[in-house]
Asks: 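Handing you this structure, nothing more for now.
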Amino acid sequence: MIDKTVAGVPDAVVGIRDGSTIMIGGFGRAGQPVELIDALIEQGATDLTIVSNNAGNGDRGLAALLAAGRVRRMVCSFPRQHDSWVFDGLYRAGRIELEIVPQGNLAERIRAAGAGIGAFFSPTGVGTELAAGKEERVIDGRRYVLEYPIRADVALISAYRGDRWGNLVYRETARNFGPVMASAAVTTVVQVDEVVELGSLDPECVVTPGIFVDRVVAVTPRRWVRDGAFVGGVDIDGEPLAVTS
Amino acid sequence: MIDKTVAGVPDAVVGIRDGSTIMIGGFGRAGQPVELIDALIEQGATDLTIVSNNAGNGDRGLAALLAAGRVRRMVCSFPRQHDSWVFDGLYRAGRIELEIVPQGNLAERIRAAGAGIGAFFSPTGVGTELAAGKEERVIDGRRYVLEYPIRADVALISAYRGDRWGNLVYRETARNFGPVMASAAVTTVVQVDEVVELGSLDPECVVTPGIFVDRVVAVTPRRWVRDGAFVGGVDIDGEPLAVTS
Amino acid sequence: MTGLGRAELAQRIARDIPEGSYVNLGIGAPTLVANHLPAGLEIILHTENGLLGMGPAPEPGLVDPDLINAGKQPVTALPGAAYFHHADSFGMMRGGHLDVCVLGAFQVSSSGDLANWSTGAPGAIPAVGGAMDLASGAKNVWVMTDLLTRDGASKLVAECSYPLTGVGCVSRVYTDRAIFDVTPDGFRVRELFGDTTLGELERLTALDLT
Amino acid sequence: MTGLGRAELAQRIARDIPEGSYVNLGIGAPTLVANHLPAGLEIILHTENGLLGMGPAPEPGLVDPDLINAGKQPVTALPGAAYFHHADSFGMMRGGHLDVCVLGAFQVSSSGDLANWSTGAPGAIPAVGGAMDLASGAKNVWVMTDLLTRDGASKLVAECSYPLTGVGCVSRVYTDRAIFDVTPDGFRVRELFGDTTLGELERLTALDLT
């Protein structure tokens, strides 16, 4: 029997090595696998390269990993946010390397890794400093730059439901980078709200087929959903929403 | 109000011009938009380039379009099948041009057109006669050939259900080339079993968002499905299955 | 003050978007355009973090942390919406399927170059997000901006001094003082707001306008 | 006749596939392997026309024209299955996510080149399908074939004379007479069937085997 589920988050991050490249799903906080990141901090791997759209929010999740001094290099599209003080401090102190990649090129380069594409010509960034030094070519009258795949040793992502084969569905815009990252890592680790019976995910609606997934772990379900229905009333940390306006 | 539905198949193929490049969805008969092809034959456009995985089966659908002499050139991965006698005859008589593209390169080139990729390096076909004359490059020790997008004037595809915004869901392996072709054509025309109320397709399960779709037309629903459930008992032409084995 | 306020400008832009358009509104001021889309007309909003058919902000108690826009603000999804992953979302954009994208700007050059992601200031933390993809992808890239910076410098320039977001990508600029089309001959004034005159614009921008 | 019949060979191949593998079985003889996968072991079959978790042929009255395999034969989907479109399906393949792919062959060279899509005969209608993608994509490409053609020619060759499907892609060849691994030193016999001897194989193939 194939069973990709593991009992707890410590099991989910076993074996991650110093110096690894790790993709972390999420767009801001939505879809960020906070529990897996906490487990990674506990696990201790360091000198990491992190590939993620942002560079942490507030003090939890990716920000906590950065604060713990585990990250040598960030590859992302948008590190600077109103609540990215941890990254900002490290960057200004010269304690972290940064590679900025336009968001669509980031997504497509990750997809290319997963889909076995050696490189591709993208129109994004042409003529800007982010394309400096990159191979350029005019195709059918349009300028493109050559972009290479981004691969990882490990992907840590968050999905909504999964089964023991690793099939996944997501929730709303928390889907974001999960599906492409799952395809681009040697080992893909997923936290889900719920592990469901094999066969209970509609095969027409599976977003990430299990072939891309290695480990699935159930974490505390999001508190704004009950029995599959959105109920609201709390924020992403589970704190009651102030309903004042 | 956005309403991409049209009343009948003749309206769905209005304006298709001689000399057009037309993508036709389907893998063999599964997902082949037979009613739209019949309407195209009726409509009369000729001198067409057809991009489709196969080159027709039996005497209906794409085979009928070929038999009607409307196709100058076929771009496909697998024309030769046990029931591809129409294409076989035309080809042997020198009455049709043929470009063979490996199936995965065909799908990826169509996707590239839809996704604005100028060209990409594929490992498929390297060192074979289908890569002859193509630009080759070694990336990270692996050989790749450069493949260009395939675009079309029109895509004719078959989906299961659609709404007035053009959102689509498919059925099983009849999905095949539909989603990528929908993205790669100037005008995408879809036949569906059923046009459903806007909002009744689960936004988590929409496979082709309406942005890729221009016209939706309802055709006679597949006869092996009733009220959304598979009931079997008939073949793809609606003929009763002989249950003898 | 002559010309349009922020909200009026957003309304003016909204009026130029035809029904049935697929539209991406950039972070910041362009987001305001959503508030002014004519009721009863269906215009489909794209947010690059994976949603077509984005609706307005939710009721305060019904904020869904999984449902946000590119600015990471809570939004809703309309009937007819669809979710997709980032590669599909940016494929949609890069593939030219969006009709209109409205972006903010630091500078726009008379050949349509856009600078809106970095001032190039030493020590600033660079962050591009989807700006370059949006600039290179949509069929029509419109800019929404004040004509002048707080210091009175023109944002319409002969050549951008800030780092570029995209080359020759902007087709129209909506400012508080006028609407400009980008043409092969440079900026052409399409519409003047308030008592703004062409001469005044030429003086403020130090450009030859047509 | 010494060696294994078709069904026995399919069974032998099936035995070498570890539980949990993702496997694509090519059109023709390789399809037979599915009938011999050990009951109770979960091995997930991929069909490149858009399905993971492919099950056996349906009951005769329950043929579903929408649910076919790459050979366009009716199949079923197991609990845990997932459907996807062609670009995703071939991305899965090209990206190296399949553990094993079993293909037929006209010829396999001692450096692992595969020829299985065209005999290059004049007048033949070329048709490649997914053969080249499968050959270049799976982690392990196994070939299932008779050792000899009907005319007694060896399908194992020093260099393919037929048009290639893939270069250096085959890692193992299962024939009716023996199993061969493709190594940097050419074919190495892994297992002999029946009373086949190494000397006999060298005579039949005219190759130096190890």
Asks: Minimum heavy-atom separation for Arg6(C) to Ala29(C), with atom names?
Replies: NH1-CB, 3.6 Å

Asks: So for Asp113(C), is it side chain, backbone, both, or neither that comes closer than 4.5 Å to the heavy atoms of chain A?
Replies: neither

Asks: Which bit of Arg143(A) is near chain C, if near means a heavy-atom gap under 4.5 Å: side chain, backbone, both or neither?
Replies: side chain

Asks: Just verifying a value: how many Å separate Leu209(C) CG and Glu202(C) CD, rounded to the nearest 0.5 Å?
Replies: 4.5 Å

Asks: Where on Leu98(A) is there a heavy atom nearer than 4.5 Å to chain C: the side chain, the backbone, both, or neither?
Replies: side chain

Asks: When you compare the side chains of Tyr170(A) and Thr208(A), does any donor N or O come within less than 3.5 Å of an acceptor on the partner?
Replies: yes

Asks: Heavy-atom pairs under 4.5 Å with chain C - which of Val231(A), Val225(A), Leu130(A), Val234(A) has more of them than the others?
Replies: Leu130(A)

Asks: Which distance, rounded to the nearest 0.5 Å, do you find between the CD1 of Ile43(C) and the CD of Glu19(C)?
Replies: 7.0 Å

Asks: Is it true that, when you exclude Arg137(A) itself, more than 12 heavy atoms of the residues, nucleotides or ligands shown sit nearer than 6.0 Å to its CZ?
Replies: yes

Asks: Could you please spell out the steps behind the salt bridge (charged side-chain N to carboxylate O under 4.0 Å, His left out) verdict for Asp181(C) and Arg188(C)?
Replies: CA-CA 5 Å; Asp181(C) 279 332; Arg188(C) 181 166 54 210; 5.1 Å; no

Asks: Would you say that more than 12 heavy atoms from the other residues, nucleotides or ligands in this model lie under 6.0 Å from the CZ of Arg226(A), or not?
Replies: no

Asks: Which residues in residues 120-154 of chain C have any heavy atom closer than 4.5 Å to a heavy atom of chain A?
Replies: Gly123(C), Ala124(C), Ile125(C), Pro126(C), Ala127(C), Val128(C), Gly129(C), Gly130(C), Met132(C), Asp133(C), Ser136(C)

Asks: Identify the heavy atoms of Leu156(C) and Phe187(C) that sit nearest to each other, and give their distance.
Replies: CG-CZ, 3.6 Å

Asks: Relative to chain C, which segment of Asp235(A) carries a heavy atom at a distance below 4.5 Å: side chain, backbone, both, or neither?
Replies: backbone

Asks: Need one label for Phe177(A): side chain, backbone, both or neither, based on atoms under 4.5 Å from any heavy atom in chain C.
Replies: both

Asks: Which bit of Phe87(A) is near chain C, if near means a heavy-atom gap under 4.5 Å: side chain, backbone, both or neither?
Replies: side chain

Asks: Take atom CG in Asp202(A); do more than 12 heavy atoms of anything else shown fall under 6.0 Å from it?
Replies: yes

Asks: With only heavy atoms counted, which part of Arg111(A) is less than 4.5 Å from chain C, the side chain, the backbone, both or neither?
Replies: side chain

Asks: If you tally heavy-atom pairs under 4.5 Å against chain C, which of Asn176(A), Val180(A), Ile236(A) wins?
Replies: Asn176(A)

Asks: Checking Thr188(A) side chain against Ala182(A) main chain: does a donor-acceptor pair fall under 3.5 Å?
Replies: yes

Asks: Taking only heavy atoms into account, what residues of residues 77-85 of chain A are found under 4.5 Å from chain C?
Replies: Ser77(A), Phe78(A), Pro79(A), Arg80(A), Gln81(A)

Asks: Considering only NZ, NE, NH1 and NH2 on the basic side and carboxylate oxygens on the acidic side, decide whether Asp66(C) and Arg175(A) come within less than 4.0 Å.
Replies: no

Asks: If you look only at pairs with a residue in residues 88-126 of chain C, which of them pass as a ring pair (Phe, Tyr, Trp, His ring centres under 6.0 Å), with sequence neighbours excluded?
Replies: Phe212(B)-His97(C), His86(C)-Phe90(C), Phe106(C)-Tyr162(C)

Asks: Between Phe230(A) and chain C, with a heavy-atom cut-off of 4.5 Å, which part of the residue counts as in contact: side chain, backbone, both or neither?
Replies: side chain

Asks: Measure distances from Val207(A) to the heavy atoms of chain C and classify the residue's part below 4.5 Å as side chain, backbone, both or neither.
Replies: neither

Asks: Should Asp16(C) and Arg172(C) count as an ion pair when the cut-off is N to O under 4.0 Å?
Replies: yes

Asks: Look at Arg60(A) together with Asp237(A) and state whether they make a salt bridge at an N to O cut-off of under 4.0 Å.
Replies: yes

Asks: Charged N to carboxylate O below 4.0 Å: is that the case for Arg92(A) and Asp88(A)?
Replies: no

Asks: Looking only at heavy atoms, which two atoms of Gln32(A) and Leu62(A) are closest? And how far apart?
Replies: OE1-N, 2.9 Å

Asks: Looking at Val63(C), Thr47(C), Leu51(C), which makes the most heavy-atom pairs under 4.5 Å with chain A?
Replies: Val63(C)

Asks: Go through the atoms of Asn54(A) and report whether side chain, backbone, both or neither lie under 4.5 Å from a heavy atom of chain C.
Replies: side chain

Asks: Against chain A, label Ser89(C) side chain, backbone, both or neither, depending on which of its atoms sit under 4.5 Å from a heavy atom there.
Replies: neither

Asks: Which region of Ile100(A), side chain (C-beta onward) or backbone (N, CA, C, O), has a non-hydrogen atom less than 4.5 Å from a non-hydrogen atom of chain C, or is it both or neither?
Replies: side chain

Asks: Salt bridge (charged side-chain N to carboxylate O under 4.0 Å, His left out) with Arg94(C): which residues, sequence neighbours excluded?
Replies: Glu108(A)

